[in-house]
There are 2 protein chains.
Amino acid sequence: MRTHYTGLVSAEQLGQTVTLCGWVHRRRDHGGVIFIDLRDREGLAQIVCDPDRAEMFKTAESVRNEFCLKVTGLVRRRPEGTVNANLKSGEIEVLAHEVEVLNASVTPPFQLDDDNLSETTRLTHRVLDLRRPYMQNNLKLRYKVAIEVRKYLDEAGFIDVETPMLTKSTPEGARDYLVPSRVNAGQFFALPQSPQLFKQLLMVAGFDRYYQITKCFRDEDLRADRQPEFTQIDCETSFLGEQEIRDLFEEMMRHVFRKVKGVELPAKFPVMTYQDAMALYGSDKPDMRVKLQFTELTDVMKDVDFKVFSGAANSVGGRVVGLRIPGGAEMTRSEIDDYTKFVAIYGAKGLAYIKVNEVKEGAELRAGLQSPIVKNIHDAALAEIVKRTGAQAGDLIFFGADKAKVVNDAIGALRVKIGHSEFGKKNGLFQGQWEILWVIDFPMFEYDDEEQRYTAAHHPFTSPKDGHEDFLETDPGKCLAKAYDMVLNGWELGGGSVRIHREEVQSKVFRALKIDAEEARIKFGFLLDALQYGAPPHGGLAFGLDRLVTLMTGAESIRDVIAFPKTQRAQCLLTQAPSAVDEKQLKELHIRLRPSEKATEAKLA
Amino acid sequence: MRTHYTGLVSAEQLGQTVTLCGWVHRRRDHGGVIFIDLRDREGLAQIVCDPDRAEMFKTAESVRNEFCLKVTGLVRRRPEGTVNANLKSGEIEVLAHEVEVLNASVTPPFQLDDDNLSETTRLTHRVLDLRRPYMQNNLKLRYKVAIEVRKYLDEAGFIDVETPMLTKSTPEGARDYLVPSRVNAGQFFALPQSPQLFKQLLMVAGFDRYYQITKCFRDEDLRADRQPEFTQIDCETSFLGEQEIRDLFEEMMRHVFRKVKGVELPAKFPVMTYQDAMALYGSDKPDMRVKLQFTELTDVMKDVDFKVFSGAANSVGGRVVGLRIPGGAEMTRSEIDDYTKFVAIYGAKGLAYIKVNEVKEGAELRAGLQSPIVKNIHDAALAEIVKRTGAQAGDLIFFGADKAKVVNDAIGALRVKIGHSEFGKKNGLFQGQWEILWVIDFPMFEYDDEEQRYTAAHHPFTSPKDGHEDFLETDPGKCLAKAYDMVLNGWELGGGSVRIHREEVQSKVFRALKIDAEEARIKFGFLLDALQYGAPPHGGLAFGLDRLVTLMTGAESIRDVIAFPKTQRAQCLLTQAPSAVDEKQLKELHIRLRPSEKATEAKLA
């Protein structure tokens with residue numbers, strides 16, 4: 001129907017007659033002439049409708065915003081002074097010869113360039129919301145990322161193999177979405193939380209290098225960056241060690257950023273151990289744009305009078321850290337109060353601090369420090385605080401003292417908060433645009449106090465580090481894993497591990513997890529079987545595509561990079577899913593609603 | 001770990017030391033030397049283990065079939081007379097210096113090159129089954145098809161947009177797979193039968209050209225070529241007419257066949273109307289390799305004495321056809337009996353035939369024809385049969401006379417059966433390798449005798465042909481659609497249509513389908529809303545990837561081109577899905593099993 005995309009007409013077509021299709025973005029009447037900004041997915045072009053073509057002009061007069069038009073006309077240079085350098089078509093306009101209304105539009109419920117729409121409005125009218133250049137660009141970039149990932153992996157010999165969506169429920173990890181079976185009464189499929197086991201089976205089957213960009217499902221309560229269905233770039237390879245796998249996938253990320261954003265990521269990504277990440281940033285996904293670090297003070301605080309510090313320092317699993325804020329002495333009381341409220345979200349019961357007005361020597365040191373807590377900390381500890389943090393005059397030191405998890409979460413979040421604040425940016429505490437790194441050497445297990453047993457930190461198919469296999473039986477808590485996460489700007493982009501390829505090691509891990517042989521067989525029998533038939537050494541990685549694209553677009557929410565997302569109540573406002581279904585359907589599936597829900601249903605009907 | 005893929009080592013590496021990883025395909029001991037055929041996804045290479053390296057030889061002696069090995073050795077020319085022209089590595093062998101067992105294997109339950117395995121065995125031990133070159137090649141070809149589709153569509157400006165897997169149940173069409181919602185008690189998601197409505201919404205949203213290679217779900221009883229989850233190449237475009245859409249996608253198919261198979265499909269696919277297809281082949285997906293056609297005889301048979309013919313010819317919806325089989329007079333009585341049994345499967349009550357021994361003139365004609373029915377057919381009708389079928393001496397004519405559907409199904413199947421038979425191939429009735437065509441001008445509606453209303457032949461969003469819109473209200477049965485199927489060798493590869501983009505036409509179609517305004521609003525309100533906002537003219541197509549790959553590989557079953565398929569009982573024999581789940585899980589989902597299934601469950605436990 002058209003000769004060119006509307007948004008791509010340019011001075012190259014000067015003097016040519018073109019036919020364009022698109023939507024009326026804006027209509028202006030000016031000096032008896034009608035100007036239409038016509039929009040398609042590639043952008044805008046200005047259409048000029050002169051009254052001397054009466055029929056065409058009459059049509060042009062009838063059009064309103066979001067009418068779908070077909071316009072034929074002559075490409076000519078815009079009058080001087082009206083060139084728009086922001087548009088590809090900014091030098092030209094199209095003098096309309098014919099205007100055809102392909103479809104009219106009722107008045108949209110909002111202006112497409114209104115930037116203050118509520119998310120409810122946007123998701124209810126998602127089709128119009130998707131017409132906005134912001135959403136068009138987000139989804140185009142998402143596509144570009146996916147296709148560049150495919151190009152890279154194809155070049156590297158990976159092949160895309162589809163794994164099932166209707167799989168077996170394994171009540172480890174997150175909650176499954178279940179699908180009742182009609183043919184097999186009383187039984188259920190589960191939607192996959194990831195293709196983990198299938199990709200390992202593909203390695204055992206000799207496919208050598210596998211990838212898939214695929215939907216995964218977790219029925220968890222939704223946070224801002226979670227969706228019930230999300231998309232993974234899922235990869236697995238045989239016959240490579242940990243270093244080689246990481247090299248392969250950091251090159252993939254460099255390729256994607258280069259092709260999609262024109263950004264050159266480091267030729268070698270920094271590598272940090274999990275232990276260092278927790279020690280210095282209280283997080284296994286540190287935002288390295290923030291130039292602040294923890295200072296370990298647990299050992300220093302054991303014998304101070306300030307009970308909050310000494311109590312934490314002396315308790316099992318307690319931790320005390322300092323966070324030096326260069327230039328922080330200028331913070332007001334009210335700013336500090338705000339930060340105290342902020343860390344409370346993460347469970348911190350307070351936020352001690354010291355302002356360093358001057359760094360004096362020896363016994364004078366105390367005089368240069370300003371804080372309610374200084375009087376309860378002895379000289380040697382104060383000296384060690386200043387020495388270890390490297391504090392200078394004009395700095396401020398925040399303290400965290402509690403169970404290690406609370407300290408890490410609270411002071412870790414505070415670190416990021418301050419780094420991203422106006423203060424942080426002004427004082428050079430926030431630097432760099434794309435700060436990427438590997439975090440490695442994760443522990444194999446975490447201890448679950450409630451269940452009184454170890455659980456898998458990554459997943460139970462992760463290989464222990466060389467030399468750590470014996471810890472599986474002697475001291476699982478000490479056992480480190482060949483697991484690695486790729487972290488960008490404080491977000492986990494992806495993670496993976498070298499897998500266990502020997503059945504006897506897999507069995508040891510199950511024992512460490514207190515999964516007995518029978519349970520292991522019921523849940524993972526097919527994997528254990530497969531490992532017996534010459535399973536190759538293998539490992540892999542999965543990236544969260546939604547997160548990656550959210551970061552790359554700078555979108556405010558993961559929902560802004562998904563065409564038809566769910567709300568935090570797991571609903572689709574556009575199609576009204578989920579919804580009630582016929583009794584006949586339930587009967588065929590051999591299920592019924594529980595009484596309380598029947599009541600709800602009756603009320604709704 | 002390796003320097004080359006095992007299957008790709010060749011004379012190019014002569015004199016080099018290489019490291020290979022792979023599986024022991026076969027081990028032979030010959031003259032004190034051990035020969036190992038090592039296999040990886042690219043193929044085989046011969047490893048030679050000499051006893052003069054004692055440690056290596058000892059390892060080599062320990063290996064068994066399907067052990068996973070790492071072998072380092074020298075590439076040298078095979079002795080004369082032992083070159084294997086079927087292998088890329090056939091000119092060389094690798095003299096082993098080191099052999100490392102990466103993983104041992106227990107004895108596999110079957111030989112990998114056993115071609116007579118039951119499907120149950122293969123699906124139960126799917127991981128080993130997938131190691132077989134047949135399955136490796138099928139899945140590699142599947143990947144190649146998918147990546148070439150992506151390349152073509154990317155070039156053509158299509159972008160991949162992911163649509164939801166958790167969607168709304170719409171009880172039109174096939175049965176939905178349902179997913180109970182935990183957060184929204186008593187409500188259910190449905191897995192998509194296709195992204196049809198979402199892709200139309202994306203067109204309304206201005207994405208212009210969309211594609212997706214995505215899983216779709218139908219909870220139907222399974223036939224040989226059906227799976228509960230299957231993969232569609234789903235495409236939609238705006239601002240193109242029917243012809244342009246077909247041109248775009250036949251070029252895609254040419255591209256895929258060229259790149260993947262090296263086959264050049266016709267520069268212009270033949271086009272046949274639905275009406276012609278049914279008239280000549282009794283099928284809307286005729287296998288054009290079979291050079292046989294129906295001859296319409298309904299009008300000729302109205303006044304013959306043979307009641308089977310005249311009854312069908314005179315009843316509403318009855319049909320009588322002839323199928324001329326050149327050279328068929330040589331068929332034996334027993335062959336004809338077999339065909340009679342065959343057409344009974346399709347509901348035919350018998351299979352009348354005439355052998356043409358000689359084509360005599362005028363009143364003599366009857367004397368040249370041999371058949372129990374000839375005596376009950378008058379001269380004029382016999383003359384017309386011979387004239388219309390063009391029968392020659394030595395031919396045989398089969399007849400179908402019944403309701404049109406029975407005739408079409410039975411004689412259509414007979415046509416294919418004879419074409420594919422030894423007889424057919426010998427007599428030139430089967431020709432060509434890739435016979436592709438478009439079938440167009442489908443009816444908008446089919447009449448459902450049971451429900452006493454029209455149902456959508458394609459789906460209710462299909463646009464009527466230009467000039468047929470009035471039939472929607474006056475005579476829906478006459479209304480043809482802008483719908484088209486691509487047919488290859490008698491299989492429907494894909495189908496699609498130009499969609500309705502005006503809300504008033506969509507409403508007329510719903511009225512013709514006896515879907516009232518309220519029902520339409522509940523089921524498709526979001527589509528009707530979207531159409532009001534300047535929806536563009538649009539249309540598209542969906543291809544069945546599983547079928548396409550089955551045809552291209554020549555696989556025996558659609559299950560042979562899917563890594564982890566379900567059985568005809570919709571079960572995964574490898575992982576034992578579906579399975580019983582915990583009561584706790586059901587409770588969280590607000591559902592319970594119906595009593596009869598609880599009994600089943602108790603029995604299983």
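Proteins get letters first, then strands, A, B, ... in listed order; numbering begins at 1 in each. Computed over heavy atoms, backbone and side chain alike; hydrogens, waters and symmetry mates excluded.
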Taking all atoms of both residues into account, what is the closest heavy-atom pair of [X] and [Y], and its distance?
X	Y	result
B/Arg131	B/Gln136	O-CG, 3.8 Å
A/Val204	A/Pro536	CA-CD, 3.7 Å
B/Lys140	A/Ile159	CG-CD1, 4.0 Å

Inset, instruction - Please round to the nearest 0.5 Å and tell me the distance separating atom NE2 of B/His538 and atom CG of B/Leu201. - result: 8.5 Å
What part of [X] gets within 4.5 angstrom of chain A, counting heavy atoms only: side chain, backbone, both, or neither?
X	result
B/Val101	backbone
B/Glu504	neither
B/Val127	both
B/Arg209	both
B/Ile522	neither
B/Asp221	both
B/Thr107	backbone
B/Pro537	side chain
B/Cys21	both
B/Glu244	side chain
B/Ala104	backbone

Most chain A-contacting option - heavy-atom pairs closer than 4.5 Å, from [options]:
options	result
B/Leu128, B/Ile147, B/Thr167	B/Leu128
B/Phe207, B/Phe217, B/Phe198, B/Phe67	B/Phe207
B/Met165, B/Arg502, B/Arg64	B/Met165

Identify which of [options] forms the greatest number of heavy-atom pairs closer than 4.5 Å to chain B.
options	result
A/Lys168, A/Glu229, A/Arg126, A/Lys70	A/Glu229
A/Gly241, A/Cys572, A/Gly206	A/Gly206
A/Tyr177, A/Tyr5, A/Phe526, A/Phe188	A/Phe188
A/Ile213, A/Ile562, A/Leu202	A/Leu202
A/Leu240, A/Asp154, A/Leu574, A/Leu191	A/Asp154
A/Arg569, A/Lys584, A/Arg182, A/His501	A/Arg182

Inset, instruction - Take A/Arg39 and A/Glu66 through the test salt bridge (Lys or Arg N to Asp or Glu O under 4.0 Å) and record every step on the way to the result. - result: CA-CA 9 Å; A/Arg39 186 193 70 237; A/Glu66 300 309 317; 3.0 Å; yes
Legend entry - Near-ring test A/Tyr210/A/Phe158, centroid separation under 6.0 angstrom: no
Legend entry - Qualifying residues under side-chain hydrogen bond (donor to acceptor under 3.5 Å, both in side chains), relative to A/Thr231, sequence neighbours excluded: A/Arg142, B/Glu162
Inset, instruction - Decide, yes or no, whether a salt bridge links A/Arg150 with A/Asp160 under the criterion of side-chain N to carboxylate O below 4.0 Å. - result: yes
Inset, instruction - Using a strict cut-off of less than 4.0 Å between a Lys/Arg side-chain nitrogen and an Asp/Glu carboxylate oxygen, indicate whether B/Arg2 and A/Asp208 qualify as a salt bridge. - result: yes
Legend entry - Check: A/Leu178 and B/Val581 side chains under 4.5 Å, non-hydrogen atoms: yes
Inset, instruction - Determine which pairs satisfy salt bridge (charged side-chain N to carboxylate O under 4.0 Å, His left out) with at least one residue from residues 571-581 of chain A, sequence neighbours left out, and list them in order. - result: none
